[in-house]
Amino acid sequence: MRHRELAFKMFCDISVIIPNFNRTDLLERCLWSVAGQTMQPREVLLIDDRSTDENRKEINRIIAQFASSLNIRAFENETNRGANFCRNLGISEAVGEYLAFLDSDDVWHPKKLEKQLAAITVAERRDEKPVLSATGRYRVNGSGEIIARQIGKTEFTRDTILRSNIIGTLSSVVVQAKVARTVAFDESFRASQDWDFYIRLSEYVQYVAIPEPLCFYFDHESDQRITLNGRRRLDGHMQIYRKHHRQQGVEKAIIYNLLADDLQRINRHKIAAVYYAKWLAHARFKSVTARSAASCILGRVFSLLTPSSITERRYKKYESTLRKSLRSEELSAEVAKDLKLIKSLLSRNWKTF
């Protein structure tokens with residue numbers, strides 16, 4: 001990417017909000033994907049959550065590197081406040097009509113903002129309600145290999161988002177600034193904050209879906225911090241249940257499945273088996289009596305035979321779905337092209353991006 005080329009690019013009224021804590025190389029990669037957009041954002045708000053002094057020096061060097069290609073407004077928290085505080089600070093400081101969130105370890109396809117804004121413009125001609133838009137995503141491992149090609153869901157209602165976080169990563173999202181300020185992020189959440197945000201937004205917005213994967217989400221399932229992350233996920237899902245599911249009468253099978261998965265991840269297999277049994281019983285039976293009996297029987301079975309890993313089954317499904325989709329020559333060529341983009345960023349070969 002040559003800076004002089006940016007003079008010929010189009011600009012849009014979007015503020016990009018990037019929280020960051022102690023990331024340097026990943027942050028640089030992230031910013032190159034923003035600088036490589038065919039439609040440039042109005043500004044990039046980089047909120048540093050009190051990184052170490054050593055990392056802060058490198059972060060400042062990276063910001064200076066992009067001075068001629070991106071309008072970066074940098075903020076530094078006095079103490080470590082968490083990603084939700086950072087996002088809320090970005091929301092309050094942003095001047096763009098729309099906000100695009102980007103985690104500092106994720107990257108965008110070069111046409112992400114251009115395609116998303118084009119669809120938003122069409123939608124706003126039909127409906128005056130504020131916009132929430134999300135794209136599909138690639139799930140990528142640390143080596144740059146594609147784990148899954150996830151097409152963005154097109155149906156978004158309060159019921160669908162209550163039942164499942166169908167949007168997923170915030171890095172795929174563009175939302176109108178005025179409604180984001182009304183809703184904001186709940187800073188008490190350490191995980192599942194995106195799901196909570198979408199649930200509360202659902203009352204106010206029209207949804208603009210871009211099924212095409214235009215976001216590269218880097219999966220940290222194999223990360224050594226998985227136990228810590230698993231505990232946070234567990235806490236986050238319990239908060240979702242207390243704040244939304246319990247009040248709305250959402251089917252309990254949903255939360256039982258999430259809790260069983262979270263507990264398996266942190267090696268709490270005995271209690272995970274209890275929720276696994278409850279999940280299967282509630283998913284397969286309607287009457288209270290049948291569910292109670294099935295939970296008891298399955299609980300005894302799983303006390304002797306450890307149930308299969310929910311996460312492993314999910315990743316096997318990712319693999320199978322991707323393999324089947326690549327039988328299409330057209331789709332296979334598209335994925336190969338996108339994989340080349342990912343590899344160029346990982347190899348720091350910025351000029352090919």
Side-chain angles (χ1 to χ4, degrees), residues 1-7 14-37 40-96 99-108 110 113 140-144 169-171 185 187 190-191 193 215-220 222-226 228-229 232 341-353:
M1 173 67 64
R2 297 178 178 84
H3 291 171
R4 64 175 178 270
E5 293 173 353
L6 294 170
I14 292 178
S15 295
V16 180
I17 297 174
I18 305 176
N20 185 61
F21 177 62
N22 279 332
R23 285 178 177 148
T24 54
D25 287 352
L26 296 181
L27 174 63
E28 185 176 13
R29 182 182 73 187
C30 165
L31 288 172
W32 272 110
S33 81
V34 179
Q37 292 295 299
Q40 287 289 288
R42 179 172 182 173
E43 60 178 356
V44 175
L45 289 87
L46 177 60
I47 300 92
D48 185 78
D49 199 19
R50 199 58 182 177
S51 296
T52 63
D53 290 344
E54 182 179 352
N55 284 330
R56 186 64 206 171
K57 289 178 182 178
E58 179 63 11
I59 290 166
N60 287 336
R61 183 198 66 76
I62 292 168
I63 292 171
Q65 176 184 347
F66 286 93
S68 62
S69 57
L70 291 172
N71 177 25
I72 297 179
R73 297 171 59 203
F75 301 83
E76 183 179 356
N77 295 335
E78 293 183 359
T79 59
N80 182 267
R81 302 293 299 271
N84 292 335
F85 176 88
C86 295
R87 294 184 183 108
N88 282 337
L89 176 60
I91 290 171
S92 66
E93 293 287 344
V95 297
L99 308 177
F101 299 102
L102 180 57
D103 289 345
S104 57
D105 56 340
D106 294 335
V107 297
W108 285 340
L113 293 184
V140 182
N141 66 20
S143 301
T169 176
L170 281 161
S171 297
F185 286 90
E187 294 176 20
R190 298 171 70 207
Q193 61 270 10
C215 170
F216 302 107
Y217 168 80
F218 281 81
D219 194 309
H220 300 294
S222 61
D223 195 293
Q224 62 182 355
R225 298 166 298 173
I226 188 61
L228 174 61
N229 291 340
R232 288 178 176 173
L341 286 173
I342 298 168
K343 294 291 188 180
S344 70
L345 282 167
L346 288 177
S347 67
R348 302 173 66 87
N349 189 10
W350 313 125
K351 290 184 180 181
T352 65
F353 187 75

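Any value given below was found using the heavy atoms of this structure, including those in side chains, with hydrogens, waters and symmetry copies removed.
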- Task: Kindly compute the distance separating OG (Ser104) from CZ (Phe21), expressed to the nearest 0.5 Å.
- Result: 11.0 Å
- Using a 4.5 Å cut-off on heavy atoms from C-beta on, say whether the side chain of Arg29 contacts that of Phe216. no
- Message: Can you give me the closest heavy-atom contact between Ser33 and Leu345, atom names plus distance?
- Response: CB-CD1, 4.5 Å
- Task: Could you list the residues that satisfy salt bridge (Lys or Arg N to Asp or Glu O under 4.0 Å) with Glu93, not counting sequence neighbours?
- Result: Arg73
- Sorted by chain and number, sequence neighbours left out, side chain to side chain donor-acceptor pair (under 3.5 Å) with Asp106 holds for Ser171
- Query: Do Leu27 and Leu46 touch side chain to side chain, with heavy atoms closer than 4.5 Å?
  - Reply: yes
- Looking at Ala94 and Leu45, what are the two nearest heavy atoms and their distance? N-CD2, 3.8 Å
- Task: Answer yes or no: is there a side-chain heavy-atom contact under 4.5 Å between Asn77 and Leu89?
- Result: yes
- Contact check, side chains of Gln40 and Leu70, non-hydrogen atoms, under 4.5 Å: yes
- Item | Nearest heavy-atom neighbours spanning Ile17 and Gly90 | CD1-C, 3.4 Å
- Query: So, do Ile342 and Phe218 sit near enough that their side-chain heavy atoms are less than 4.5 Å apart?
  - Reply: yes
- Query: Is Gln65 reaching over with its side chain to a backbone N or O of Ile63, donor-acceptor style, under 3.5 angstrom?
  - Reply: no
- When rounded to the nearest 0.5 angstrom, what distance separates CD in Glu43 from OG in Ser15? 3.5 Å
- Message: Restricting to ring-ring contact (aromatic ring centres under 6.0 Å, His included), what partner residues turn up for Phe185, sequence neighbours left out?
- Response: Phe101, Phe197
- If you measure from CG on Asn60 to CD on Glu76, what distance do you get to the nearest 0.5 Å? 7.5 Å
- Point-to-point distance, once rounded to the nearest 0.5 Å, from CH2 of Trp108 to CG of Leu113: 4.5 Å
- Task: Please tell me if the side chains of Ile72 and Leu31 come closer than 4.5 Å, counting only heavy atoms from C-beta onward.
- Result: yes
- Mind checking the CG-CD1 spacing from Leu102 to Ile18? Nearest 0.5 Å is all I need. 4.5 Å
- Message: Could you tell me if the side chain of Asn141 sits less than 4.5 Å from the side chain of Asp219, heavy atoms only?
- Response: no
- Item | OG1 on Thr52 to CG on Asn80, rounded to 0.5 Å | 11.5 Å
- Salt bridge check: are Asp49 and Arg23 linked by an N-O gap of less than 4.0 Å? no
